[in-house]
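For reference, the structure is listed below as structure tokens.
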Amino acid sequence: MPELPEVETVRRGLLPVLEGKTILKAEVRRPDLRWPFPENMAERLTGMRVLRLRRRSKYILADLSSQETLIIHLGMSGRMLIDGTATADFHSNPVLPDKHDHVILHTDAPARVTFNDARRFGAMDLAPTEQVEAHWLLGKLGPEPLGNAFNENYLVARFKGRNTPVKSALLDQRIVAGLGNIYVCEVLHRTGISPKRKAGKIGVDRVQSLVPAIRDVLNEAISSGGSSLRDYRQADGELGYFQHNFTVYDREGQGCTRAGCDGEIARVVQSGRSSFYCPVCQR
DNA sequence: ATGTGTTCCTGTCCGC
DNA sequence: TGCGGACAGGAACACA
């Protein structure tokens, strides 16, 4: 589920139960996810106040009162579940954890925040807040697509001379940090660029058109995710469930939605990932 | 340096 | 109903 808009949606959903709150207890129910958890993670979280809950690319960063920052990545299947918001539940009605509930934070919101990740491609680490940007997971990330450093001149320069398909280039987190398979497909459809076109061989004006398209798609997705935040206030406690009407993603065989285009959405595999596109209007 | 394929893990869905 | 295979929103890593 998590590309940038989903991670941002999750972050916003977590704000009321984490930011400014204290972690009363941390349950670490296995030693690792994609990588081993840091030494004594439970102890280093317990008693800490979350000063600020930030996002960098697809990472959620929780700055702690201990001057350490908790780095969270959701991988492919990671979810943050919130429950126990009713005081009575929190204190007296613990729910039996699911087998994929790996880390549980009890806060004084009061709330129980559960990191659930079936495939375990997610990650958690702790780093000094002052140096967190240089953490090995974050240090090589490109600019935020919604920030000022990501602009037309930048993208033109980064695409110049690249022989890789534009699909791969936009998935490269060193070029721009936060896009994933869905939104790259959507952006390319919106700009009429074939995912197979080499990044270095796209006209300057078309490369430039990618920048506002990326911003628009991400902002629209965040807006939709924001509205879906209401879901977790309901009984199941689910957070960040993202609904969106895709124009190409997962629409193989269906008609192209572009006005006046009668193409049929195709699927091709590029470096192991599915690309969905319209062979008629994407060139 | 750059480009591509493999790998980690579990769950779900689809055809036989 | 079971079984095998394909596939899944990520990205580090090994290798040409």
Side-chain angles (χ1 to χ4, degrees), chain A residues 1-11 13 29-37 55-60 71-80 97-103 115-125 135-142 145 157-189 195-201 214 217-218 220-222 224-225 228 238-253 266-276:
Chain A
M1 153 166 152
E3 296 184 39
L4 186 152
E6 291 72 39
V7 175
E8 176 62 17
T9 299
V10 169
R11 185 190 73 86
R29 308 184 66 246
R30 54 173 298 124
D32 56 45
L33 286 173
R34 182 165 184 178
W35 297 285
F37 289 134
R55 179 188 57 75
R56 168 74 170 113
S57 183
K58 301 173 192 173
Y59 294 86
I60 293 173
I71 300 167
I72 303 169
H73 196 282
L74 300 175
M76 289 280 259
S77 55
R79 301 193 190 300
M80 299 295 272
D98 178 85
K99 65 174 168 176
H100 300 306
D101 288 350
H102 306 309
V103 175
F115 187 115
N116 178 288
D117 184 10
R119 294 178 71 183
R120 304 208 299 276
F121 293 165
M124 277 193 181
D125 201 3
H135 187 276
W136 64 279
L137 286 169
L138 306 179
K140 290 182 176 173
L141 291 176
R158 292 305 300 266
F159 272 18
K160 189 172 184 183
R162 303 248 351 195
N163 201 37
T164 196
V166 59
K167 169 77 185 313
S168 306
L170 290 176
L171 280 177
D172 186 340
Q173 304 296 298
R174 295 168 301 186
I175 293 179
V176 56
L179 293 176
N181 206 34
I182 289 176
Y183 296 109
V184 168
C185 290
E186 296 297 315
V187 162
L188 291 174
H189 181 249
K196 294 190 274 194
R197 184 145 314 261
K198 310 275 193 187
K201 294 193 173 167
I214 287 168
V217 166
L218 294 179
E220 289 165 24
I222 290 170
S224 300
S228 78
E238 193 164 358
L239 172 68
Y241 190 83
F242 186 74
Q243 305 229 352
H244 195 65
N245 283 330
F246 305 129
T247 60
V248 284
Y249 185 81
D250 209 19
R251 292 193 67 245
E252 183 182 15
R267 184 178 82 95
V268 292
V269 175
Q270 295 180 284
S271 44
R273 314 286 308 274
S274 287
S275 293
F276 298 90

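Please read these numbers as outputs of a predicted model, since none were measured by experiment. A note on names: the letters A, B, ... follow the listed sequences, proteins ahead of strands, and every chain is numbered from 1.
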**Study point:** Base-pairing string, 5' to 3', of DNA chain B - Watson-Crick or wobble, under 3.5 Å, | interstrand
**Key:** .|||||||.|||||||
Review point. Does A/K167 have any side-chain hydrogen bond (donor to acceptor under 3.5 Å, both in side chains) partners at least two apart in sequence or in another chain, and if so, which?
Key: A/N181, A/S275
Point to revise | Sequence-distant partners of A/R30, side-chain hydrogen bond (donor to acceptor under 3.5 Å, both in side chains), two or more places apart | key: A/D32
**Study point:** Test side chain to side chain contact (heavy atoms under 4.5 Å, CB included) applied to A/R267 - qualifying residues, sequence neighbours left out
**Key:** A/E252, A/V269, A/S274, A/F276
Study note, to complete from the structure: Hits for side-chain hydrogen bond (donor to acceptor under 3.5 Å, both in side chains) against A/R251, two or more places apart or cross-chain, chain-then-number order -> A/Q254
Point to revise | side-chain hydrogen bond (donor to acceptor under 3.5 Å, both in side chains) partners of A/H73, counting only residues at least two apart | key: none
Study note, to complete from the structure: Outer limits of DNA chain B sitting under 4.0 Å from a non-hydrogen atom of chain A, read 5' to 3', are B/dG3 to B/dG11
Study note, to complete from the structure: Hits for side chain to side chain contact (heavy atoms under 4.5 Å, CB included) against A/D98, two or more places apart or cross-chain, chain-then-number order -> A/H100, A/D101, A/N116
Point to revise | Sorted by number, the residues of residues 163-171 of chain A with heavy-atom contact under 4.0 Å to DNA chain B | key: A/N163, A/T164, A/P165
Review point. Residues two or more places apart in sequence or in another chain: which of them pass side chain to side chain contact (heavy atoms under 4.5 Å, CB included) with A/A177?
Key: A/R56, A/S57, A/L141, A/Q173
Practice item. Please identify each residue that fulfils side chain to side chain contact (heavy atoms under 4.5 Å, CB included) with A/K201, with sequence neighbours left out. Key: A/K198
Mind listing the N/O atom pairs, protein and nucleotides 13-16 of chain C, below 3.5 Å?
none

